[in-house]
Amino acid sequence: MRSIMYAGQAVTSSDRVAIELLSYAKSLATHGTVDVVSIPIVGATGADSCDLLVGSGIAIAVGPAADPLADVVGADLAIDDLRERQARLVGPGFGAA
């Protein structure tokens, strides 16, 4: 589990979601663009989601979570989505009109 710090707030998600989020944010920053993504998080009442603006000029940080044993519902779907977005970003058609 990882805490994702963003705009003075922190949310908790899985290690794999946090890694993919950072990877996608780095690709967006490299291309000078931003995107809004939805990731699954563990909220006070259980499974929840969070929308984040990520990319160029937007700082996010990832660190250890307070509860390393919680399960994150929807993590696999979020990881697939982040990977697909990154593939489209760096694919051969990016920027083509």
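- Evaluation of the side chain to side chain contact (heavy atoms under 4.5 Å, CB included) rule for V62 yields R2, I4, A18, L22 as partners, not counting sequence neighbours.
- Atom CG of D35 sits about 8.0 Å away from atom CZ of R88, to the nearest 0.5 Å.
- Put simply, NZ on K26 and CD on Q86 are 9.5 Å apart, with the number rounded to the nearest 0.5 Å.
- Atom CD of Q9 sits about 9.5 Å away from atom SG of C50, to the nearest 0.5 Å.
- Counting only heavy atoms from C-beta outward, the side chains of D76 and R16 approach each other to under 4.5 Å.
- Legend: residues meeting salt bridge (Lys or Arg N to Asp or Glu O under 4.0 Å) with R83, ordered by chain and number and at least two apart, are E20.
- Put simply, CG on L21 and CZ on R85 are 10.5 Å apart, with the number rounded to the nearest 0.5 Å.
- Across every non-hydrogen atom of A78 and P40, the tightest pair is CB-CD, 3.2 Å.
- Considering OG of S13 and CD1 of I39, their distance stands at 4.5 Å, rounded to 0.5 Å.
- For the residue pair S14 and A75, the shortest heavy atom distance occurs at OG-CB, 3.9 Å.
- Contact of the V73 side chain with the V42 side chain is not registered, since no non-hydrogen atoms from C-beta on lie closer than 4.5 Å.
- D48 contributes no side-chain N or O that, together with a main-chain N or O of I41, makes up a donor-acceptor pair within less than 3.5 Å.
- Taking I58 as the reference, Y6, V34, L53 meet the side chain to side chain contact (heavy atoms under 4.5 Å, CB included) condition, with sequence neighbours excluded.
- When all heavy atoms are compared, the tightest approach of S3 to P64 is OG-O, 3.6 Å.
- Put simply, the side chain of S23 never gets that close to the backbone of I19: no donor and acceptor are under 3.5 Å apart.
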